[in-house]
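Read through the structure below, which is laid out as structure tokens, and then see the notes.
Counting convention: from 1, in listed order, for ligands and their atoms alike.
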Amino acid sequence: MLSLCIPSLLFVCILANNYNGCAAKTNWEATPLSIGGTTSNPSAMDMNLRIERISRSEFGFSGTFFWNIDMDDSVTVEMRVLSSYSGDESDYKLTPMSIPPQKFIEYINTFYKDLFMPNLGNCTDLPVYETEYVPPWPKATYNFTRCALNGKGLPDYLADGYYKCEAIITAQPDIEVTVAAVLRVRTKMF
Ligand SMILES: *[C@@H]1O[C@H](CO)[C@@H](O)[C@H](O)[C@H]1NC(C)=O
Ligand SMILES: *[C@@H]1O[C@H](CO)[C@@H](O)[C@H](O)[C@H]1NC(C)=O
């Protein structure tokens, strides 16, 4: 079941505001094809992430994320979810599951706390906030060890195809970091 609740979706597919949850109801399963990212300034933010097979049908991701900037109002995050039936680069189109840029601090109090952390659980040492974000957000190298998603917050229905999930974090001055994951989604056979 975890195979469909792809890890990589997480950085991103904080998708829908569908809090009802898990995977048992979904009509699809997904296989992660890649995870990675780019940074405009490796001394401010950087990452080293890879996909790992946990069992025959489960995948997770592991690696580190280096965060070395102050969490102020200038830090924004945007989520883009693109899909492509063929997987050809030129066919990817933005889906409505995308989330426009918002302040990272607002994101911590909503998607991060309600979807991201419950999905990740104990596979990471990212900060946990039970109620509200309390500054500061520590500068650190955060670790991820075979993180898999439990599917909370993911849509019940997805069409066959390739999905690219991108999280774009920006901050002053001129910092832009993109984390991208590509998944192959197939309709489940019952
Ligand atoms: C995560 O760790 C905490 C503290 O060690 C523990 O109480 C909790 O049960 C763990 N949660 C999961 C899902 O393993
Ligand atoms: C991540 O792991 C490294 C090496 O074990 C450790 O030094 C670092 O403190 C960890 N990061 C966090 C946020 O705990």
Listing, residues 134-147 side-chain donor-acceptor contacts under 3.5 Å, not counting sequence neighbours, or none:
from	atom 1	to	atom 2	distance (Å)
Tyr142	OH	Pro138	O	2.5
Asn143	ND2	Asp125	OD2	2.7

What are the polar N/O contacts of ligand 2 with the protein below 3.5 Å, with distances?
from	atom 1	to	atom 2	distance (Å)
ligand 2	2 (O)	Asn143	OD1	3.0
ligand 2	2 (O)	Asn143	ND2	2.4
ligand 2	11 (N)	Asp125	OD2	3.3
ligand 2	11 (N)	Thr141	O	2.8
ligand 2	11 (N)	Asn143	ND2	2.9
ligand 2	14 (O)	Asp125	OD2	3.1

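Ser74 and Asp72 share a side-chain donor-acceptor pair at under 3.5 Å. Of the N and O atoms on the side chains of Ser83 and Thr95, not one donor lies less than 3.5 Å from an acceptor on the other residue.
Of the candidates Val185, Asp156, Leu183, Asp160, Val185 is the only one forming a side chain to side chain contact (heavy atoms under 4.5 Å, CB included) with Trp28.
In this structure, Ile175 and Ser40 approach most closely via the heavy-atom pair CA-OG, 3.3 Å.
Side-chain atoms of Asn41 come within 3.5 Å of backbone atoms of Ser43 as a donor-acceptor pair (strictly under, hydrogens ignored).
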